[in-house]
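Here is the naming used below: chain letters follow the sequence lines, and residue numbers restart at 1 for every chain.
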Amino acid sequence: MTLPAETERKLLERVTVLANDRVTEGVGLLVLESPRVARVVRPGQFVHLRISTGTDFVLRRPFSIHRVEEDRLHILYQVLGTGTRALAEKRRGEEMDLIGPLGHGWHIPDGVAHALLVAGGLGAAPMGMLAEELSAAGVAVTVAQGAPCADRLVGRGVFDATARRVETATDDGSEGQRGFVTALVESLLVSDRPDIVYVCGPEPMARIVTAQAAAASVPCQVSLERLMACGIGACLSCVVTTRDGQRRACVDGPVFDAESVVWDTSEIPPKH
Amino acid sequence: MTLPAETERKLLERVTVLANDRVTEGVGLLVLESPRVARVVRPGQFVHLRISTGTDFVLRRPFSIHRVEEDRLHILYQVLGTGTRALAEKRRGEEMDLIGPLGHGWHIPDGVAHALLVAGGLGAAPMGMLAEELSAAGVAVTVAQGAPCADRLVGRGVFDATARRVETATDDGSEGQRGFVTALVESLLVSDRPDIVYVCGPEPMARIVTAQAAAASVPCQVSLERLMACGIGACLSCVVTTRDGQRRACVDGPVFDAESVVWDTSEIPPKH
Amino acid sequence: MDSSKGINVDMRVRIGALELRNPVMTASGTFASGKEYADFVDLSRLGAVVTKGVSMKPWAGNASPRIAETASGMLNSIGLQNPGVEAFCAKDLPWLATQDVPVIVNVSGHSLAEYVAVAERLDSESAVDALEVNISCPNVDEGGMAFGTDCTSAADVTRAVRAVTSKTLIVKLSPNVTDVTEIARAVEAEGADAVSLINTLLGMAIDTDTWKPKLARSVGGLSGPAIKPVAVRMVWQVASAVSIPVVGMGGIMNAEDAVEFMLAGATAVAVGTANFVDPGATMRVVDGLEQYCRLRGLDRVSAMTGAVSR
Amino acid sequence: MDSSKGINVDMRVRIGALELRNPVMTASGTFASGKEYADFVDLSRLGAVVTKGVSMKPWAGNASPRIAETASGMLNSIGLQNPGVEAFCAKDLPWLATQDVPVIVNVSGHSLAEYVAVAERLDSESAVDALEVNISCPNVDEGGMAFGTDCTSAADVTRAVRAVTSKTLIVKLSPNVTDVTEIARAVEAEGADAVSLINTLLGMAIDTDTWKPKLARSVGGLSGPAIKPVAVRMVWQVASAVSIPVVGMGGIMNAEDAVEFMLAGATAVAVGTANFVDPGATMRVVDGLEQYCRLRGLDRVSAMTGAVSR
Ligand SMILES: Cc1cc2nc3c(=O)[nH]c(=O)nc-3n(C[C@H](O)[C@H](O)[C@H](O)COP(=O)(O)OP(=O)(O)OC[C@H]3O[C@@H](n4cnc5c(N)ncnc54)[C@H](O)[C@@H]3O)c2cc1C
Ligand SMILES: Cc1cc2nc3c(=O)[nH]c(=O)nc-3n(C[C@H](O)[C@H](O)[C@H](O)COP(=O)(O)OP(=O)(O)OC[C@H]3O[C@@H](n4cnc5c(N)ncnc54)[C@H](O)[C@@H]3O)c2cc1C
Ligand SMILES: Cc1cc2nc3c(=O)[nH]c(=O)nc-3n(C[C@H](O)[C@H](O)[C@H](O)COP(=O)(O)O)c2cc1C
Ligand SMILES: Cc1cc2nc3c(=O)[nH]c(=O)nc-3n(C[C@H](O)[C@H](O)[C@H](O)COP(=O)(O)O)c2cc1C
Ligand code: FES
Ligand code: FES
C-alpha cells in the first residue's frame, strides 16, 4: 500500500491550546491547533513542545501524536514531573510552540494484512494514529493493551473504533485479564497470527514482546523513549544502541526495528 | 495623637488575588485578600511577595501597601522586569504568599498639624494609607505629586479624598505645572508652612526635597528602595548609609529620617 | 513522631563532637543569628544554627548594590559586614544560648592572625558549639577566598585555628578551585573535624541599560538552585576523598534536594538562599527529610549518607 | 538594513585572520555541523558555525542517560561522540563548504598527539576557516578537561597545534579552574589567536527515587542560563588579562545576554543550549544585537566589547 511519506522539513509552529482535559488520574488529553504539522505528521512521529517560556526548566518535552483531527493534534500525556505538571496547567486559548513533525514513525510494510499493536500504559499514545491508518488501509488490527488498572487503559476510544479485536490486561484485574500484557501477546501471536507486531510501553515489557515476536518469527517495531535535548538530531543525547551502532531516537527513531535494538541500561528510569 | 504601634510579629500569609487591574500604561493595582496582614499593617510598611513558585527567579519582590480596605491590601505596582511582568499576569482567584507587614513605616510625631506629602511617580504607592491616617487624625494634608505625564499621576483617588490640597507637576505639562515636583515643594514649603514633609520617589528627587525641607527647617522622612533578598533583616543586602552607620532598609527603613541619610550610589539604577 | 505514620526515624547525625538532632543547618550569612527568623522557624527544631561570618573587628562590608538576581539564583557581594566578635558575643550569643539549638559560628578573617584571634575569642564561650572557618568568601579583597583556593594557605589557617580551639572545627571550602578534593584533604590533615561546601561560585552580571556591573563590587557569589549540580558534584568528590563528615549546601530548596546531597555523601546539609524565598524553608526540609525516610522505610536519616550507587 | 530604522550598524568582528559578518557563532556540540538546523536557521546569517568536537578516530561517547535537566540549565555527558575526522571531512565538510558561512572545527583529543593529528589533517581543508581546540571537555576520561586545567599542559597543546596549523587558532577554556586568566595567558603566549569560554561546569545530579546518578557517567557538564554569571565573570577576567580576542559563551538565550558578554569583553559570542530551546535562537540573537545597537545609536557592534564601566 502507498502511504504518504514522512516529510523532510521540520516546522516550528506557534500553536493554540484548544482543550486540555483530564482523562484519568494523572493523564491528560491536550488538543492543539497546529495546522501545518497536522497536515504532514505520520503515525509514530512526535512533536517537541516548549512548555515553559521562562528559564526554570529550559528543555522542550517530546510527545507523540496520538491522533490528528483536521488541523488539530491530540496528545495523550502522563503527568510525571516539572514539565508535564506545567503542561497540565495550560488552559484553552494559551499558546505554546512546538517543533514537528519529528522522527521516524511506524513503518507499514507492503503486504501486511494483520497487525498486532501492543501498548503498555502510555504506550498507547503513539498508536492511535497507527491503528487508524492501518484500519483505513484494510489491515486487520488486534490491540493488546496493558495498564495497572482499568482507568489507565487510555486511548480506548480509537482502538475500539478501529481494531477488530481489543484485549486488555490489568495488574489488579480491574479489567480484562489480571497480569501483564505480555501474557496476552503470547496467546495472540498464536491465535491471531499477525504479520507484524508494533509495540510501545515500558522497556522491560517492550523487550519481552520483542523476544516473543522474534520467537514467533514475526517482524516487530518498537517505539523507544530517550531523554532528548534538541529533538532534531544535533545533540546526541538520545542515542539508542543498535546492531548498527548508536542511533539517535529523535531522527533515526523513535520507532526502531525491534530486532536491531541492543537492550542496555540507557532506558529512562521509571518514576514512582 | 496615639496611633496603633507597628506589630513586632511578621506573618507568612497565603493570600488570594481579588483583583489585578491596569491603572495606566505599565501600572497595575493588585488587590489581595490578606486578613492577617491587613489588620496590623501601618502606613509605609511593605510586604514581600512571592510571585514565582518555580525556580526561574527565586527572590521575592517588596511592595508597599498603598491602602487597606477591610481585609484587603491594595498594591500599586509598576511593571518593570521579570517579577512585575509575572505579577501583571496574575488573575483573580490565584494564590500567592507574602511576608508582612515589614519594615518601619512613616512616623507621625505628636503635634503635627500640617503635613506635606511629596510623591514622585510610583512614590505615591506607600503614601495612600499615610494620607488617610493623617487626615483621620485631623492633620491637614497637602500633596505635591509629580509624574512624567497626567496618566502617571497614580493614587489620585486617595489623595483627592483626603488631602486639603493636591498640587501636581508633570514633565510634559499634561497636567498641573510643567516640570519637576521639586518646584512645587519649594513654593509649598513657603505657602503652606507644613510641620513635616514625607517624601517618596526617585532618589535624586528625594534628595532635593530633603535639602529643601532642611533649608526650611522642616523635619522630613523619606521612604527608600533597596534591592532586598530576605526582607526581614537577615541578609544585609538592603543597606542604606546613614549618619549612624549602615542601616537595613527592610527593618530599620524603608522610611528614614531624611537628614540622617547619607546619599551615595547605593540607589537602584533606574530602568529604561 | 506518630507511630501510625510508620517507623520512627532517627534523625540524629554527628559532626565532630557535636550531635545534631537532625542534619539541617542554616547556611552562614543567610540566617543572621536566627533572631530575624524566629517568627517563622522553631529554632529548637534545627540541626544547628550557623551564624553570619564574624570577624575580629567590625567590617562595613561592600558598597551597594550588593545583590543581583540571576536565572535560578542570585549574586551577592555583602562582603561579610558584621559588628565584630565582641558585639557578636555581647548581643547575639546570649540570645542564641537560650534557644536550645547547637550554635556554629562562622569565622572570617582578613589575615591568618584574624582567624586565629576570632577562634581564640570564641573558645571560651560555652554557648558556641562549633566553628565554621570560612576560607572561601569571594567578597573580600584580602583574605576570604584567597585562603581557600590554595592547599598551603588552607592548611595554614586550619592548623592555626585548630591550635587555639577545642571546639568542633568545620572548614568551609570554596568551589572556585580546580580540585576541591586536594583542599579538603589538606584541611583534614590539619585536624578539621568536618568540611562544609560549597560556598558561592564567583560570578558577575552586567546591566545592559547602564553598562555597569549589577553589583557595586563588580563580582559576587552565586548561590541558589542554579549551583546545585556543581555543589552535589563537589560533595560527592570530597566525600570519597576524606573520612571526616561533609556538610553539603548549594541550592537546597526542599527536602528532596537535601536527600540528593546526603546521597552524594553529606552527613548534614545547610539551607541558604531558600531562606529568602521561604523563611520557613528549614522547617520544611526537616519535616520533608523525616517524611522521606519514613516513606522509604529508613529508620535513620544517616543511612542515606553516601548511598548513591556508583 | 533599512535606513529608516536608523543608522547602519557594522556587525563585523575579527577573530585572528577571520572576519565574521557578525559576532554570533554556534557553541560546539549544540549545533552538530548545522545541517540539522537548516530548517530553522539561515546559516549564511551566522558569524560562524562551530562544529561538534572532532577527534582522530571515531568515538562512541558515553553510556546513556547522557543528559539531565537542572534548574535553569542542563547537564550533559555526551562524551564527544563523533565519527572521526575522516568521516567529518568526507560528509560534513563538503556540505558546510556550500553554506557561505565561516567554519570553525572544534578539535578534540585523548592525547596531545591526537590533537595534533586532527589539526594537521584539517590544515589542508580549505573549507575549514579556523580551529577551536577543546581542552576543556569534562566528559572524557583521558584528555579533554585535564589539558585545560593546568597551565603547562594547556600551553603544550597550544604550542603543538600551533606548529601544525596555519589556520586561526582558538583555544577553548575550562571554567573548572582556580584561575582562568593564568590558563588564558599561557595559551596566548603559545600563539593562540583567540580564546573561547566557557565550556561547561562539572556537575552532578542524583535521582532521589533510584539513588543513582542521573547521568550514566555520574558527572557531566552544566550549561544554560544557570551558568551565565560564572561565564560573564570569567570572560571579564580573561578579557583584561590577554590581548587576543575572547569568544564568550555560557547561557546565552537572547541578544541581551549576548550584549552582556560583549560588554564584559567578548569580541564574539556563541549560542549553545539555547539552540535546544529554540532552534532559531541564533537568528534572534543576530537580529536582536543589531536592533540593540541601532536603538543605542552604536554604528558598530564591536563598540560594546569590553565597554562595561569599572
Ligand atoms: C519520542 C517520545 C515520545 C513521547 N511521547 C509521549 C506521549 O505521547 N505521552 C506521554 O505522556 N509521554 C511521552 N513521552 C515521554 C515524555 O516526553 C515525558 O514523560 C516527559 O518529557 C516528562 O517530562 P516532565 O517534565 O514531566 O518530567 P521530568 O522528569 O521533570 O523531566 C526531566 C527531563 O527528563 C525528560 N524525561 C523524563 N521522562 C521522560 C520520558 N519518559 N521520555 C523522554 N524524556 C523524559 C524530560 O523531557 C526532561 O528533559 C515521549 C517521549 C519521547 C522521547
Ligand atoms: C520597601 C519597598 C517598597 C516598594 N514598593 C513598591 C510599590 O509599592 N510599587 C512598586 O511598583 N514598586 C515598589 N517597590 C519596587 C519594587 O520592589 C520593584 O519594582 C520590583 O521588585 C521590581 O521587580 P521586577 O522583577 O519587575 O524587576 P527586575 O529588575 O527583574 O528585578 C530584579 C531584582 O531587582 C529587584 N528590584 C528591581 N527594581 C527594584 C526596586 N525599584 N526596588 C527594589 N527592588 C528592585 C527585584 O526585587 C529583584 O530582586 C518597592 C521596593 C521596596 C524596596
Ligand atoms: C547573602 C549571602 C551571604 C552569605 N554570607 C556568608 C558568610 O558570611 N559566610 C559564609 O561562609 N558563607 C556565606 N554565604 C554562603 C552561604 O552560606 C552558602 O554557602 C551559599 O549561599 C550556597 O548555599 P545556597 O545556594 O543554599 O545559598 C552567603 C550567601 C549569601 C546568599
Ligand atoms: C550537549 C552539549 C554538547 C557539547 N559538546 C561540546 C563539544 O563537543 N566541544 C566543546 O568544546 N564544547 C561542547 N559543549 C559545550 C558548549 O559548546 C558550551 O561551551 C557550553 O554548553 C556553554 O554554553 P551554553 O550555556 O550556551 O550551552 C557541549 C555542550 C552541550 C550542552
Ligand atoms: S535529541 Fe538531540 S540528537 Fe536526539
Ligand atoms: S533585605 Fe535582607 S537585610 Fe534587608
Side-chain angles (χ1 to χ4, degrees), chain A residues 7-14 48-62 80-83 97-102 203 224-241 245-251 262-272, chain D residues 26 29-41 52 58-83 207-216 220 223-226 228 251 253-254 257 272-280:
Chain A
T7 172
E8 283 299 302
R9 196 167 152 72
K10 296 159 202 133
L11 306 164
L12 179 71
E13 191 167 28
R14 185 130 196 100
H48 214 23
L49 203 58
R50 182 157 179 199
I51 300 171
S52 167
T53 50
T55 62
D56 45 345
F57 58 101
V58 298
L59 297 178
R60 288 173 180 266
R61 298 294 191 264
L80 280 176
T82 329
D97 81 51
L98 55 76
I99 318 175
L102 299 180
E203 229 153 283
L224 295 175
E225 289 183 356
R226 285 295 176 275
L227 299 175
M228 292 182 174
C230 72
I232 59 174
C235 72
L236 306 181
S237 56
C238 63
V239 290
V240 169
T241 313
Q246 287 187 322
R247 291 286 171 268
R248 295 160 299 177
C250 66
V251 288
V262 177
W263 303 92
D264 58 15
T265 55
S266 61
E267 69 182 272
I268 299 165
K271 289 230 174 160
H272 298 176
Chain D
T26 60
T30 65
F31 205 73
S33 290
K35 213 183 284 184
E36 286 78 2
Y37 282 90
D39 286 342
F40 308 102
V41 172
K52 171 76 186 157
W59 286 6
N62 294 316
S64 290
R66 289 177 167 188
I67 58 167
E69 198 176 44
T70 67
S72 293
M74 65 177 283
L75 290 165
N76 90 79
S77 59
I78 307 299
L80 300 179
Q81 178 184 334
N82 82 92
D207 187 320
T208 56
D209 274 345
T210 61
W211 290 21
K212 283 199 246 180
K214 288 193 181 174
L215 300 175
S223 64
K228 194 182 70 171
M253 302 302 278
N254 51 45
D257 295 336
T273 302
N275 294 307
F276 308 153
V277 182
D278 172 6

ask   = What pairs with Asp39(D) under side-chain hydrogen bond (donor to acceptor under 3.5 Å, both in side chains), at least two apart in sequence or on another chain?
value = Arg9(A)

inquiry  = Under the side-chain contact (heavy atoms from CB on, under 4.5 Å) test against Ser64(D), which residue among Asp264(A), Val239(A), Leu236(A) passes?
reply    = Val239(A)

Ionic contact status for Glu69(D) with Arg60(A), cut-off 4.0 Å = no

Backbone of Cys238(A) reached by a side-chain donor or acceptor of Arg66(D) within 3.5 Å = no

request  = Under 4.5 Å heavy-atom distance to chain A, tell me which part of Phe40(D) shows up: side chain, backbone, both or neither.
outcome  = side chain

Closest non-hydrogen atom pair, Phe31(D) against Ala234(A) = C-CB, 4.2 Å

task = Go through the atoms of Ile99(A) and report whether side chain, backbone, both or neither lie under 4.5 Å from a heavy atom of chain D.
result = side chain

query = Which region of Thr70(D), side chain (C-beta onward) or backbone (N, CA, C, O), has a non-hydrogen atom less than 4.5 Å from a non-hydrogen atom of chain A, or is it both or neither?
reply = backbone

request  = Determine the minimum heavy-atom distance between Cys235(A) and Ile78(D), stating which atoms define it.
outcome  = O-CD1, 3.3 Å

query = Pick from Ser72(D), Gly73(D), Pro279(D): which one has the most heavy-atom pairs with chain A under 4.5 Å?
reply = Ser72(D)

key: Sub-4.5 Å side-chain heavy-atom contact between Pro225(D) and Val58(A)   = yes

query = Could you give the distance from CD1 (Ile67(D)) to SG (Cys230(A)), rounded to the nearest 0.5 Å?
reply = 9.0 Å

key: Residues in side-chain hydrogen bond (donor to acceptor under 3.5 Å, both in side chains) contact with Thr273(D), at least two apart in sequence or another chain   = Ser223(D)

message = Please determine whether the number of non-hydrogen atoms from other residues, nucleotides or ligands lying under 6.0 Å from atom NZ of Lys212(D) exceeds 12.
response = no

remark   = On a heavy-atom basis, the closest approach of Lys10(A) and Glu36(D) is NZ-O, 3.7 Å

inquiry  = Quick check on the interface: out of Asp97(A), Leu12(A), Val251(A), who has the most heavy-atom pairs with chain D under 4.5 Å?
reply    = Leu12(A)

Phe276(D) CZ to Met228(A) CE distance, which is reported to the nearest 0.5 Å = 13.0 Å

ask   = Of the non-hydrogen atoms in Ala229(A) and Met74(D), which two are nearest, and what is the gap between them?
value = CB-CE, 4.0 Å

